[in-house]
Amino acid sequence: MKKVWIIVFGLSCLGLSAQKKWSLRECVDYAVEHNLQVIQNQYSKQIQDSNLKMAKNQYLPSVSGTMSNSVSFGQTSFGTGSLRNDRFSNSANLGADILLFNNGRLEKTIRKTQFDVEASQYDVETIKNDISLQIAQQYLTTLLNKEIVKISESAVENAQKQYDRAKITTQVGTTAQTILAEAEAALAREKQNRKTAEINVGRSLFAMAQLLQLPDYKDFDVEYVEVPDQLEQPLKSVDEVLTTAFENQPQVKAAESRINSAVAQTEVSKTAFWPTLTGSVGVGSFYNNLLTTNTTGVDATGNLVMERNFFGQYKDNFGQQASISLNVPIFNKGNTKLQVEQSKINESVAKITLEQQKQTVRQNVQKAQFDVDANYETFLSAVETEKSTKLALEFADKSYAAGRTTIYDVNVARNNYANAQGSVAQAKYNYLFSLKLLNFYAGIPLAL
């Protein structure tokens with residue numbers, strides 16, 4: 001039994017050690033599938049789909065059936081007098097009507113609704129893109145913080161070596177106690193920096209889990225992707241990126257669809273100036289029962305005529321009807337003209353919205369290109385600074401070992417080198433995000 005528990009405990013530990021680490025693609029796919037804002041807009045898209053189905057169904061005839069029962073008691077007027085009229089009556093009718101002509105109103109309404117469906121779909125894609133970019137930025141921030149942890153761990157190792165060496169030299173009496181104290185303080189500072197870096201990793205993972213709207217964030221982690229120091233260059237020029245963005249970005253496509261919808265709505269409004277032709281057909285029958293007698297009169301030979309039963313009357317009274325009606329608009333207080341004018345105003349508003357969306361995309365692309373250039377220059381200068389501070393640290397270590405400099409100079413050189421390493425990492429990930437953003441507008445999917 002003891003061996004069984006050992007095996008179970010070992011398997012559980014293996015499961016914990018094999019904790020899932022999310023890739024960027026998995027994060028993006030999960031976010032766009034489970035994000036509540038995306039789901040909400042998908043419902044809006046389904047409403048537009050239903051509107052389109054209803055618009056298409058307007059071509060079908062409307063069929064309705066009615067059945068009524070009534071009963072009356074008392075006197076009813078008859079000539080100059082009155083007579084007793086206790087009666088039960090029943091009737092049933094089935095009718096259908098269909099629109100024959102309205103100057104293409106149904107077809108234009110369908111076309112207008114189709115553009116609304118397109119716009120709602122592009123709205124969903126816009127939200128997915130926004131979330132994907134947020135996920136990508138936070139993912140890179142997490143990778144940056146993890147790289148800073150590595151830099152901090154390296155700094156702790158160097159500080160530990162410095163402390164161990166100072167401890168030995170102090171014990172043998174070749175260095176003063178203050179040297180050991182400074183080395184111990186430097187080690188403590190580096191450990192504190194490492195702890196701060198680790199907390200920043202946890203904070204960025206928490207922010208990522210919040211973006212993904214995960215119920216449990218404590219076990220969440222992402223894959224570590226090694227970003228090469230040799231950074232790639234943009235694949236397209238700004239003009240090429242703008243051309244692609246104007247053609248493919250969903251917020252621009254949504255604005256274009258809404259222009260088409262506004263134009264179609266104007267055409268729909270104009271159909272109210274035209275007559276409407278409607279056709280209808282129907283069948284029906286009825287039944288009457290005189291409650292005070294079961295005779296309806298006498299025939300030519302003087303014999304009483306008895307009331308027919310329910311089914312007999314329905315058979316005898318069965319009738320059919322067909323009609324065509326024309327509704328000609330003459331005067332409706334000028335509302336149709338005003339509706340057309342409002343539709344044209346909506347066209348102008350939709351066109352302005354398109355220009356605003358294009359301007360936003362243009363500014364985003366230009367900013368991304370500016371950031372690419374600026375971050376690349378920053379990265380190059382940071383690399384040069386890292387090289388010089390690394391060389392300065394090597395000289396400081398050698399000088400300290402030879403007794404020509406103090407431990408304070410070594411600590412200053414080490415801090416400068418660690419800061420330079422952090423600057424290189426920061427510039428590298430800033431450049432990488434701005435490049436991915438620029439490529440995203442160029443139609444290249446997000447990936448590391």
Side-chain angles (χ1 to χ4, degrees), residues 22-32 35 37-38 122-148 204 207-208 211-212 222-256 353-384 422-448:
W22 293 56
S23 67
L24 175 59
R25 186 72 265 164
E26 289 174 330
C27 291
V28 171
D29 291 342
Y30 183 90
V32 299
N35 185 271
Q37 192 176 3
V38 173
Y122 288 132
D123 288 340
V124 173
E125 296 301 321
T126 299
I127 296 175
K128 288 182 177 181
N129 285 351
D130 293 341
I131 294 173
S132 298
L133 290 175
Q134 293 178 38
I135 293 294
Q137 186 175 24
Q138 189 59 44
Y139 199 97
L140 290 175
T141 300
T142 305
L143 294 183
L144 169 62
N145 288 334
K146 287 192 172 188
E147 188 159 331
I148 292 177
S204 60
M208 175 69 80
L211 283 176
L212 294 176
V222 299
E223 290 181 351
Y224 181 77
V225 181
E226 191 70 33
V227 178
D229 291 333
Q230 298 296 327
L231 300 179
E232 57 183 299
Q233 297 294 318
L235 301 177
K236 295 182 179 180
S237 65
V238 175
D239 292 337
E240 292 174 324
V241 174
L242 278 175
T243 300
T244 304
F246 288 157
E247 293 175 354
N248 299 329
Q249 284 299 300
Q251 59 266 41
V252 176
K253 303 294 289 184
E256 292 174 345
T353 301
L354 174 61
E355 293 304 316
Q356 289 175 335
Q357 293 295 343
K358 285 186 174 182
Q359 184 178 15
T360 300
V361 170
R362 182 183 296 106
Q363 291 174 347
N364 290 340
V365 170
Q366 290 174 345
K367 183 180 183 302
Q369 180 63 59
F370 178 85
D371 290 342
V372 165
D373 296 336
N375 291 332
Y376 187 71
E377 294 297 326
T378 302
F379 172 75
L380 293 180
S381 63
V383 168
E384 292 300 321
S423 297
V424 169
Q426 182 76 53
K428 179 169 64 174
Y429 281 96
N430 286 344
Y431 173 82
L432 184 61
F433 177 74
S434 57
L435 180 63
K436 294 299 179 183
L437 180 59
L438 186 63
N439 290 340
F440 176 79
Y441 282 111
I444 301 174
L446 292 172
L448 289 179

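Side chain of Glu240 to main chain of Ser237: a donor-acceptor pair is present (N/O by atom type, distance under 3.5 Å, no hydrogens or angles). A donor-acceptor contact shorter than 3.5 Å is absent between the side chain of Gln138 and the backbone of Ala207. No donor-acceptor pair under 3.5 Å is formed between the side chain of Gln249 and the backbone N or O of Phe246.
Applying the side chain to side chain contact (heavy atoms under 4.5 Å, CB included) test to Glu125 and every residue at least two apart in sequence or in another chain returns Gln121, Lys128, Pro250.
Nearest heavy atom pair, residue Leu212 against residue Ala31, reads CD2-CB, 3.7 Å. Counting all heavy atoms, side chain and backbone alike, Ser132 lies closest to Val32 at OG-CG1, 3.8 Å. A pairwise comparison of heavy atoms in Thr126 and Gln251 identifies OG1-N, 3.2 Å as the closest pair. Nearest heavy-atom pair across Leu140 and Tyr429 is O-CD2, 3.7 Å. Contact detail for Gly443 and Thr244: the closest heavy-atom pair is N-CG2, 4.2 Å.
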Worked check of side chain to side chain contact (heavy atoms under 4.5 Å, CB included) between Leu133 and Leu437: CA-CA 8 Å; Leu133 290 175; Leu437 180 59; 3.7 Å; yes
- request: Would you check, one step at a time, whether the test side chain to side chain contact (heavy atoms under 4.5 Å, CB included) holds for Tyr139 with Glu223?
  value: CA-CA 9 Å; Tyr139 199 97; Glu223 290 181 351; 3.6 Å; yes
field: Residue pair Thr378, Gln426: steps toward the side chain to side chain contact (heavy atoms under 4.5 Å, CB included) verdict
entry: CA-CA 10 Å; Thr378 302; Gln426 182 76 53; over 6 Å; no
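One distance of note links CH2 of Trp22 with CD1 of Ile135; it measures 9.5 Å at 0.5 Å rounding. Atom NZ of Lys358 sits about 12.5 Å away from atom OG1 of Thr353, to the nearest 0.5 Å. Between the CG atom of Asn375 and the CG atom of Leu380 there is a distance of 11.0 Å, given to the nearest 0.5 Å. Here Thr142 contributes atom OG1 and Gln137 contributes atom CD; the two are 10.5 Å apart, rounded to the nearest 0.5 Å. Distance NZ/Lys436 to CD1/Ile444: 8.0 Å, rounded to 0.5 Å. Here OH of Tyr376 is found 13.5 Å from NZ of Lys428. Values are rounded to the nearest 0.5 Å.
No side-chain N or O of Asp130 forms a donor-acceptor pair with one of Gln134 less than 3.5 Å apart.
Residue pairs meeting the salt bridge (Lys or Arg N to Asp or Glu O under 4.0 Å) criterion with at least one partner in residues 246-255, sequence neighbours excluded, are Lys253-Glu256.
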Could you list the donor-acceptor pairs under 3.5 angstrom formed between side-chain atoms of residues 364-371 and any protein atom two or more places apart in sequence or on another chain?
| unit_1 | atom_1 | unit_2 | atom_2 | d |
| --- | --- | --- | --- | --- |
| Asn364 | ND2 | Thr360 | O | 3.3 |
| Asn364 | ND2 | Tyr441 | OH | 3.1 |
| Lys367 | NZ | Asp371 | OD2 | 2.9 |
| Gln369 | NE2 | Asp373 | OD1 | 3.1 |
| Gln369 | NE2 | Asp373 | OD2 | 3.4 |

